[in-house]
2 protein chains.
Amino acid sequence: MNKSKMWKLGVLILIPLIIFLIPPPEGLPVLAWRLFGLYLTAIVGLVLKPYSEPVILLGSVAASAVTIGNTAVPKEQAIKMGQVLSGYQSGTTWLVFAAFTLSAAFVTTGLGKRIAYYLIGKMGSTTLGLGYVTVFLDLLIAPATPSNTARAGGIVFPIINSVASALGSDPVTSPRKAGHYLMINVYMVTKTTSYMFLTAMAPNALALSMMAPILKIDLSWGQWALAAAVPGLICLLLTPLVIYFCYPPELKKVNNKEISAKGLQELGPMKKSEKMLAVLFIMALGGWIFSKQLGMDASTVALCVMATALIINVVTWDDVLKNKGGWNTLIWYGGIIGLSSTLTKAGFFAWLAETLQANLNFGDHNTLALLSILLLSVAIRYLFASGGAYVAAMVPVFATVGSVAGANPMLLALGLLFSNAYGGAMTHYGGAAAPIIFGAGYNDTKTWWIVGAIIGFGSLIIHCTVGIAWWELLMSMGLIGK
Amino acid sequence: MNKSKMWKLGVLILIPLIIFLIPPPEGLPVLAWRLFGLYLTAIVGLVLKPYSEPVILLGSVAASAVTIGNTAVPKEQAIKMGQVLSGYQSGTTWLVFAAFTLSAAFVTTGLGKRIAYYLIGKMGSTTLGLGYVTVFLDLLIAPATPSNTARAGGIVFPIINSVASALGSDPVTSPRKAGHYLMINVYMVTKTTSYMFLTAMAPNALALSMMAPILKIDLSWGQWALAAAVPGLICLLLTPLVIYFCYPPELKKVNNKEISAKGLQELGPMKKSEKMLAVLFIMALGGWIFSKQLGMDASTVALCVMATALIINVVTWDDVLKNKGGWNTLIWYGGIIGLSSTLTKAGFFAWLAETLQANLNFGDHNTLALLSILLLSVAIRYLFASGGAYVAAMVPVFATVGSVAGANPMLLALGLLFSNAYGGAMTHYGGAAAPIIFGAGYNDTKTWWIVGAIIGFGSLIIHCTVGIAWWELLMSMGLIGK
């Protein structure tokens, strides 16, 4: 164990130790206080990362179970030890895990590549056109690829990277020829598509499941997509254009027919597994849109799609076993959801809301509170290298503060759910795909952060204006709950 | 997809289809009937194995969720869709998963090997002595190695196999010199140690969790070990001797000092990771024995041990990710436990018990019923290639029938929990380690089945006599529940 790891581990041991020694604030049950200490440890662990996420969570889950078993509480405050494992029964965890399998299938079958080369042939005759190829490609597969690493990192990036290279743009000698523009566009686009569907980014479902009990809201897969559609499409249409004007690529024209033909030729005729995946993908979309009519929820749809994919051999169980991202997410999402639900059961968030209510006074400035929280939610993303860690740390707090401040719960929920994705645009470490794309070497930190700030805060402005107007319209039409 | 797979898949589709079309038997709610159809499909799938276990279970879980969402039931019979995922919150699932990590650590750190060579040097001067080396080695690590594949297949087998080879016993030309005896002894021993601890074989915890709600019994880790100790130690002492008399190895004397010295030399001085594993192992044992005093349950102890192992780097998270057996078990145990608890909630087992009660009459022959069920539980193992599949299929039935017949619930539970392990001794496919050991080529089916029958039915006799007497003594002393 090296020094930096030791130091981080020390911090993680000190946090609960100190909290255990301090008596709980007035009104907070002692068990809730101690569990909060362990939750805080988990979040700090996710940020410091002395170990990978699953290890941090397994440690916190185990420690929470021991704490529950060893804290004397009045009978009415008792919690079962098994509560800390409840995240592993959560539909959210399984929705993400199951959809990860589909994400992987787009890479392994080659269907993602095929769509990419097809789109390049159709609309990639200019570098700006290639920017929109990225938009369509990413948007098309986003509904079933909650793994950003698989979608942007595994499908879109390799293709656009090889196109940049084919265009004679070299990361060292000629990045500005085309690669600089194309690469940063890949990331900014994926940070927008990521909030357009519940299943387009893993932390989406996590954020919804943490927010729902605090704000008492409910949002189906279809309602999510509907609410995100207007601000999302506006941002998607603007993104390639805005970046194009900020940093125009030197090369304007592209011999796209040749690139497309060569790529498709290499792939050969469409394989049976690609066709079956396409059918499954359409079934998944249909299932998510019409889940109510089908007597299913989004998680059941995802489970059915995963099981079908395995049964008809679009993916094998061995593919699933090798898909480390899926297992990591299963363990750490299940862990944090379990901890958060245990904390809720122990009365922590109820106490937090009461305490804030007693000490904060927003007066009649509900809208100002809403906008301030959304601004803060974006700005704070400069500090987080992972959407999941941000969600675990900040979403319950923002939701509680906002609800105490009297912000409309549904507007607050939608604003936070979406800012979670575009807030990650601002840095070259803001999401799992960022280091992959940045690592190609076409981009420098300075221009990345400038473009990121424009896209991040630009999206915030669009969401706070057009977005809120659209969501209020949907609420007034009764299409989403208030 | 080949023909045999198609045929098996056809059967698995037909079973629920037929059951869905037939109206439920009198008194059984329609939802319970349909869920039973899917449970039956899962069990038949586990036996036919057109896919690996996790795929079978994911399919059944998804289908059960859809069935719950689409079966109209009176309000009081309603079940939540998420109930089918409840197995993933179950402590049983996590106990097994966490302990799998320790199992793997015995292999990766080399500690298992070191203990083996040490024991060979101390007591392996004859082939019979080597038989007892196997007993001590396997028994020593059994409490923390629920993976039979890791313990017998990954630690004991490779060492004893290399010893057989070093003794000049070749699988083809001279199996009877030593290998024939040593190899079959490895398997028979592990089938005995497997029932001596709750954590010595994965299906143990599964069987207990399925049996507990039906028989209304409770058994701690310590109570399990206590109940198994007397019959288990008798069987362990007899096993190497009995096989020795049945098929005496041609070679009697062994130059064990040389083998041991060479093996230990190759391992070098004891590594830090081995020492830490040894400490962790002792802590795990202590935790399981004194779990009540520590305010923990067996699953929490296992989780703590796993988290500690990861934090102090005895195993890395990457080791865990690569440990496919652990993930397979997590998915399929969690699945079958969820299905079984859903079936219980739907009222299936209550209905089954009532129906049996109305139609069967055992009169006063409670003991005869107990003995008949135990005999049946061993004999039926000829049909099952997996302890887990046997547990899922037969344990709920045997427990229900036995309880209706008036057998003492605790005697029935202990009898069935233990016969689950030694029942697997009888065939060369009866447990996960069997094909590995049989595959070494020293043994033939005929002699394996003869020895297997002697050990299997011999254990049954010991359990039905000494075992029952011991358990009754423990009950009368109040050390285990009634």
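Per chain, numbering begins at 1; letters A, B, ... match sequence-line order.
Proximity of a side-chain donor or acceptor of Lys8(B) to a complementary backbone N or O of Leu48(B) within less than 3.5 Å is detected. Judged by distance alone, with hydrogens and angles left aside, the side-chain atoms of Tyr51(A) form a donor-acceptor pair with the main-chain N or O of Ile311(B) at under 3.5 Å.
Only the side chain of Leu330(A) has a heavy atom closer than 4.5 Å to any heavy atom of chain B. With a 4.5 angstrom heavy-atom cutoff, Leu294(B) touches chain A only via backbone atoms. When heavy atoms are compared at a cutoff of 4.5 Å, Asp318(B) approaches chain A solely by way of its side chain, counted from C-beta outward. For Val301(B), no part sits under 4.5 Å from any heavy atom of chain A, backbone or side chain. The part of Leu9(B) that comes within reach of chain A is its side chain, from C-beta onward, which places non-hydrogen atoms under 4.5 angstrom from that chain. Both the backbone and the side chain of Met296(A) come within less than 4.5 Å of a heavy atom of chain B. Heavy-atom distances place the side chain of Ser52(B), and not its backbone, under 4.5 Å from chain A.
Closest heavy-atom contact between Ala298(B) and Leu95(B): O-CD1, 3.5 Å.
Classified by interplanar angle (parallel below 30°, tilted 30° to 60°, perpendicular above 60°), the ring pair Trp94(B)/Tyr88(A) is tilted. Using bins of under 30°, 30° to 60° and over 60° for the plane-to-plane angle, the ring pair Trp221(B)/Trp288(B) lands in the parallel bin.
For the side chain to side chain contact (heavy atoms under 4.5 Å, CB included) with Thr41(A), the qualifying choice from Leu17(A), Leu12(A), Val11(A) is Leu12(A), the only one to do so.
Between Trp327(A) and Leu321(A), some side-chain heavy-atom pair lies under the 4.5 Å cut-off. A 4.5 Å side-chain heavy-atom check between Thr342(A) and Ser64(A) finds every atom pair outside the cut-off.
When the candidates Asn70(A), Asn313(A), Leu303(A) are compared by the number of heavy-atom contacts under 4.5 Å with chain B, Asn70(A) comes out ahead. When each of Ser86(A), Gly59(A), Gly87(A) is scored by its heavy-atom pairs under 4.5 Å with chain B, the top score falls to Ser86(A). Each of Ala63(B), Pro54(B), Ser299(B), Ala98(B) has some count of heavy-atom pairs under 4.5 Å with chain A, and the biggest count is that of Pro54(B). Comparing Val320(B), Val66(B), Thr316(B) by heavy-atom pairs within less than 4.5 Å of chain A, the highest count is held by Val66(B). Between chain A and the options Ala307(B), Gly69(B), Gly295(B), heavy-atom pairs under 4.5 Å are most frequent for Gly295(B).
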